[in-house]
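Below is one structure, written out as structure tokens, with a few remarks after it.
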Amino acid sequence: MKRNLQVFYAFFSGIILALAIQNELMPFGNPFLGLLALIPLYTALSSVKTPRMAGILFSIQITVTHLLSSFWLGFFKEFAIFTIGGTALWYCISGYFIGQLFYAVFFIPKHKILYISSGKDSWFIPRRVMLFTSLMLLYEWNKSTGFLAYPWGTVYMSSYSWKTITQIASITGTAGISALFILFSSVIAEGYILLDSARIRSSNNTNRSYAMTAAFCISMFALSTIYGVYEYTKNREPVKYMETVIVQQNTDDWIDGSDENGILISQELTSKAISDKGNKPDIVLWSELVLTYVYFPNYYEEFFEYPEEKPLLPFIQKTGVPFIIGGYVRFPTKAGEQREYGNSALYFDKDATYKGFSAKTRLVPFAELIPYSDKAWMRKFMQKIVGFSSGWTPGKELTLFSVPLKSGENVKIANLVCFEDAFSDLCRDYFHLGSEVFINITNDSWSKTKSAEFQHFVVASFRAIEMRTTLVRSTNSGYSAVVNPAGKVLYDMPLFTADSLCATVPVYKKEMTPYALLGNWLPLLCGVFLLTSFILAVFFRFKEDHE
């Protein structure tokens, strides 16, 4: 294959994957495109002649996917230099080096070309299909963990609409879904390569090998579908209910310049939801960073008089309902130490008493968490680039809130702030800590796009399936929703609309799913497979050279 065609295939693969993921044209994505997205990339990589070219092709594919699917990162005001510019540069550079590993997947030693082309190696096709699937899966897992973790732009996001497939997340996590889609693309690409090569097509042994690989792929989809139908249609009886007011105020605190407008609108929407319901709820949820210009607990008393038109704390007392509101906290520090602040969920009881906070533990790199911010050179650099020299401090521990119900029972909730609901390992930690419901408060209003809102929701929705736990999202402008343990949306509100609702949130008996028990076992298994394959390849090559 000519180099220009290889580059085109890599670009095309990135475009297809970006269209498969939630976008402005298809808000919930397209699973069919997700199945096909990696076919061009696989085909191009199968004909590369050098590791360098493999790196270039992979770099093109992931950078195009990122720019087209996450273009809304460019709307993050002065942080855009990092959120879109920095991330795109990172994908471009890291993709070049990671992509060179794919060369090893398709590399055929000269002394093996005739042996393989004659069809004598029955494991040639299955081996490289599984190697490509494993390596691609490890890449997705790696980009979704660590300091620079960004779970967006992943293959599994395209699967959202296929509920009978997504149920396997309770066994494998989202890695299993990506594996199915990558495997399908690989098998179809191998079929295309076979049809394009009369020399290989003439080998019955090769055709049988391909048929065996395709049968394995079909079997995996069939088993996943059978399991998915069972889990999605399974009758789960809640053990209790939590009447929850979800408020979506749809304000832009970057423009308003104060908390007052957001607080007043949120109060109005809260009163409307309670009035519509006709009785008091168990909890009221306001989104992330409704209270942004002062920090708790130091300025708690001020909210007995602010906003002047309708003070916040007397309003909470009047409703007689506990509130969870997004705001800032100041962490305790010793004398002389630099002050530390956290983006948090603040908990007020029915008497408006401040009961504590749950601080965000996963911060956005460079926008919220600045590496080496204790160094003068970094503070000077950040001040010059974006106008500030320090970020937030991550929460030091996981905190559950115990919400009293009118029934006399309590519900232990995990408080996930902003994009914390995108991280499986964090939600798994909360699950083992004893949480019964996942609650996410977030503010994506700055994105101004449907795709950003739905992408965040879709990534988060898999946490409900993985741990078979209800997920409740209260957002500034969307997508506010309640998702049951099968991933089904029970309640929601339209995007970029000031609205509220009172949802009867079902709480289920905790179920220890295979994923909750074992965690990310599939990526680790793929890593072992790749390492073993490398060791065996080196061993047999050494053996051949010394015979």
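Scope of the values below: all heavy atoms of this structure, side chains included, with no hydrogens, waters or symmetry mates.
- The shortest distance between side-chain heavy atoms of Asp444 and Trp72 does not fall below 4.5 Å.
- Of the N and O atoms on the side chains of Ser480 and Tyr491, not one donor lies less than 3.5 Å from an acceptor on the other residue.
- Note on Lys396 versus Glu340: salt bridge recorded, some NZ/NE/NH1/NH2 to OD/OE distance being below 4.0 Å.
- For Tyr328 and Phe296, the ring centers are positioned 6.0 Å apart or more.
- Side chain to side chain, Glu140 and Ser178 meet the donor-acceptor criterion of an N or O pair below 3.5 Å.
- No side-chain donor-acceptor contact under 3.5 Å links Thr292 to the backbone of Leu289.
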Test log, rule ring-ring contact (aromatic ring centres under 6.0 Å, His included), inputs Tyr479 and Phe457: CA-CA 6 Å; Tyr479 182 46; Phe457 164 74; 4.6 Å; yes

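- Using modelled atom types, one finds no donor on one side chain facing an acceptor on the other under 3.5 Å when comparing Asn476 with Gln248.
- Geometrically, Arg362 engages Phe423 in a cation-pi contact defined by less than 6.0 Å to the ring centre and at most 45° from the axis.
- When atom types are taken as modelled, the side chain of Glu288 and the backbone of Val417 share no donor-acceptor pair closer than 3.5 angstrom.
- Between the side chain of Ser134 and the main chain of Phe132, no donor-acceptor pair closer than 3.5 Å is present.
- Looking at Tyr42 and Glu190, their side chains do bring a donor and an acceptor atom within 3.5 Å of each other.
- A donor-acceptor pair shorter than 3.5 Å cannot be found between the side chains of Asn415 and Tyr347.
- Without hydrogens or angle criteria, Asn520 side chain to Pro523 main chain gives no donor-acceptor distance under 3.5 Å.
- With hydrogens and angles disregarded, a donor-acceptor distance shorter than 3.5 Å links the side chain of Gln455 to the backbone of Ser69.
- No more than 12 heavy atoms of other residues, nucleotides or ligands sit less than 6.0 Å from atom CZ of Phe534.
- Taking the six-membered ring for Trp and thresholds of 30 and 60 degrees, Phe221 and Phe184 have ring planes more than 60 degrees apart, a perpendicular arrangement.
- A side-chain contact (heavy atoms from CB on, under 4.5 Å) with Gln61 is found for exactly one of Ile15, Ile16, Leu41, namely Leu41.
- A heavy-atom distance below 4.5 Å is found between the side chains of Ser533 and Leu131.
- Side chain to side chain, Ser144 and Trp152 fail the donor-acceptor criterion of an N or O pair below 3.5 Å.
- Between the side chain of Ser474 and the backbone N or O of Val247 there is at least one donor-acceptor pair closer than 3.5 Å.
- When each of Asp421, Asp492, Thr442 is checked for a side chain to side chain donor-acceptor pair (under 3.5 Å) with Arg473, only Asp421 meets the rule.
- The ring of Tyr156 has its center closer than 6.0 angstrom to the ring center of Phe462.
- When only modelled atom types and interatomic distance are considered, Asn261 and Thr251 share no side-chain donor-acceptor pair under 3.5 Å.
- Between the side chains of Tyr150 and Ser70, a donor-acceptor pair is found at a separation under 3.5 Å.
- Ring pair Phe12/Phe8: centre-to-centre distance below 6.0 Å.
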Show, in sequence, the C-alpha distance, side-chain angles and deciding distance for Tyr232 and Trp162, and conclude whether the ring-ring contact (aromatic ring centres under 6.0 Å, His included) test is met. CA-CA 11 Å; Tyr232 191 65; Trp162 285 356; over 10 Å; no

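- Side chains of Ser445 and Asn443: a donor on one and an acceptor on the other come within 3.5 Å.
- Counting all heavy atoms, side chain and backbone alike, Thr174 lies closest to Ala169 at N-CB, 4.4 Å.
- Ion pairing between Glu466 and Arg463 holds under the 4.0 Å rule for side-chain N and carboxylate O.
- Taking the six-membered ring where tryptophan is involved, the planes of Tyr103 and Phe107 are tilted, since the angle between them lies from 30° to 60°.
- Side-chain atoms of Gln167 come within 3.5 Å of backbone N or O of Ala486 as a donor-acceptor pair.
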